[in-house]
There are 4 protein chains.
Amino acid sequence: MAGTVNKVILIGHTGDDVKMHYFEGGNSIGRFPLATNEEYTNRTTGERVSNTEWHNIVVRNKAAEICEKYLKKGDKVYIEGRLKTRKWQDDKGLDRYSTEIQCMDFTFLSPKGEGMGQGNAQQGASAQPQAQPYNTNQPAQPSQGVNESDVDDLPF
Amino acid sequence: MAGTVNKVILIGHTGDDVKMHYFEGGNSIGRFPLATNEEYTNRTTGERVSNTEWHNIVVRNKAAEICEKYLKKGDKVYIEGRLKTRKWQDDKGLDRYSTEIQCMDFTFLSPKGEGMGQGNAQQGASAQPQAQPYNTNQPAQPSQGVNESDVDDLPF
Amino acid sequence: MAGTVNKVILIGHTGDDVKMHYFEGGNSIGRFPLATNEEYTNRTTGERVSNTEWHNIVVRNKAAEICEKYLKKGDKVYIEGRLKTRKWQDDKGLDRYSTEIQCMDFTFLSPKGEGMGQGNAQQGASAQPQAQPYNTNQPAQPSQGVNESDVDDLPF
Amino acid sequence: MAGTVNKVILIGHTGDDVKMHYFEGGNSIGRFPLATNEEYTNRTTGERVSNTEWHNIVVRNKAAEICEKYLKKGDKVYIEGRLKTRKWQDDKGLDRYSTEIQCMDFTFLSPKGEGMGQGNAQQGASAQPQAQPYNTNQPAQPSQGVNESDVDDLPF
DNA sequence: TTTT
DNA sequence: TTTT
């Protein structure tokens, strides 16, 4: 019954556009890589160290569509989600693991018209895409038929 | 560069005791698995789904020693840290990836004397181990010579 | 507008039982104080300092009822919510402000049967109250008629 | 001894420049208001509701100086900190309370040269102020003599 | 008003 | 491999 918490909070830059996958039944997911950077001084050697960490972000359904529409490679975004490690088999039949962040909430942080791709006609002032918060726990349309197993059985 | 955030917040149960690794120069790390649980009702099938997610927690130096001493298999603990995916080679020379949570902060949540292992003599009243918060960003002993590369070049 | 984040994460002990308030239309809120503790050594004087911080937690509707039923004075609980400062007038007509945490998520952390009050008959095994996570963003019953203004116009 | 967590995570826009206060002994704090916005649809009335929440941010010492230097009114910033409610007496001798966020970490989110004030010569490429993360738990200069009571006895 |  |  839980009593546990699994929460990830990231602010980073997208490394690519959102790749969509559509399932039968109307569900969809979007995937994109997110980079966070870390800088510190190695206390032993005194040298400045710079690391980039890449995160696999997974978004679903309506949230995925919003991300695909407004989030472009290089954009800064706030992501809140859950850690999930998927097990899959490589072409040699060996077990492989991939850790993803299942996005539950996001907020675009890139200013409109800068770093948001060029010529995106949908970015009307009324839509304010650069500042769109999204919470995937919002009451969804029950008719949409969200099926968790769609995501868990991904062949990629 | 930065301007980014990489934060993980977990509350879960340890799946094993802390395994310590000591490096030349006095540094050390501790590792342990942490389980978080998720329960929800599949909206399509209506069935109750229960998932366990396992997280690889890595703690360093003094924090690692405190965890090894007081954290026992099955204990509940709050972990705050950063996501880091390590690349390593398996015995066939293939690239493999493992995502870890580098623990920056923790707080024991298991009540004293229950679920904290049996007969742990070190749990004196003055230590109050079950409620010990820890922040790895606290000013550490500069003489300790923390070496980041110790952790990054792990052969396991 | 948004593009903003307002998030509070607390683990603490309740200082009192949950006080419920019921509104016309079926909505309700529950309130309780939550204590977090801080200990540190004053770097100037070298003395050990211990502070208790009290937080005003506000929960709504079904979540409030669950808290009232299972959360007892002294229990440990994880709270996730939003900061909200309410303005009100004291008996002299002066503006006063009160900052609250509007709870969006919670998880009970006190073990069953310990620190959960005595003789609470409702704590059946099937309910597993001590480990009940709750997310107020879950699709609520639309018939419930949640009215935000109920909470904003509180006379207390 | 704690076993508690008191954490606030905010992304918002500053409502004013940073106001500095210097103490004897070399300590200092900076204060500034931060706005977060919330939009939702009232489920009862169906109307769109927009709320702005103001937070009192308090930063210390070196972090305060960095904020004063690079954070301008209107800038977007990520703040991580702790909730603290201060008690003070108004001019009639009545107890008043003010809740503040004691900033432990921050990251500037406004792009360089936009929304960061005009003519800030210090914003050299090497400083990269728009993306400067800061953690107040970093080992501070012990000679700095941080005195917690400075902040707790504020006359404002 | 909590907890250790 | 945890917990409820």
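Chain naming here is simple, since letters A, B, ... match the order of the sequence lines and numbering starts at 1 in each.
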[atom1] of [X] versus [atom2] of [N]: gap in Å, rounded?
| X | N | atom1 | atom2 | value |
| --- | --- | --- | --- | --- |
| B/D17 | F/dT1 | CG | C1' | 11 Å |
| B/I79 | F/dT2 | CD1 | P | 18 Å |
| D/N6 | E/dT2 | CG | P | 18 Å |
| B/N51 | F/dT4 | CG | P | 18 Å |
| C/I57 | E/dT1 | CD1 | C1' | 13 Å |
| B/I11 | F/dT4 | CD1 | P | 15 Å |
| C/E39 | E/dT3 | CD | P | 16 Å |
| C/H13 | E/dT1 | NE2 | C1' | 13 Å |

Go through the N and O atoms of the side chain of B/T52 and the base of F/dT2, and report whether any donor-acceptor pair is under 3.5 Å.
yes

Does the E/dT2 base have a donor-acceptor partner in the side chain of C/N37 within less than 3.5 Å?
yes

Any idea which of E/dT2, F/dT2, E/dT1 is nearest the B/A35 side chain?
F/dT2

E/dT1 pyrimidine/purine six-ring stacking with C/W54, under 5.5 Å and 30°
yes

Looking just at side-chain N and O atoms, do D/E53 and C/N6 make a donor-acceptor pair shorter than 3.5 Å?
no

Given the rule in the salt bridge (charged side-chain N to carboxylate O under 4.0 Å, His left out) test, do B/D16 and B/K73 qualify, once you have shown the distances and angles that lead to the verdict?
CA-CA 4 Å; B/D16 204 349; B/K73 179 177 175 176; 5.3 Å; no

Can you tell me if D/D90 uses its side chain to pair, donor with acceptor, with the backbone of D/K92 under 3.5 Å?
yes

Using a 4.5 Å cut-off on heavy atoms from C-beta on, say whether the side chain of D/R96 contacts that of D/Q89.
no

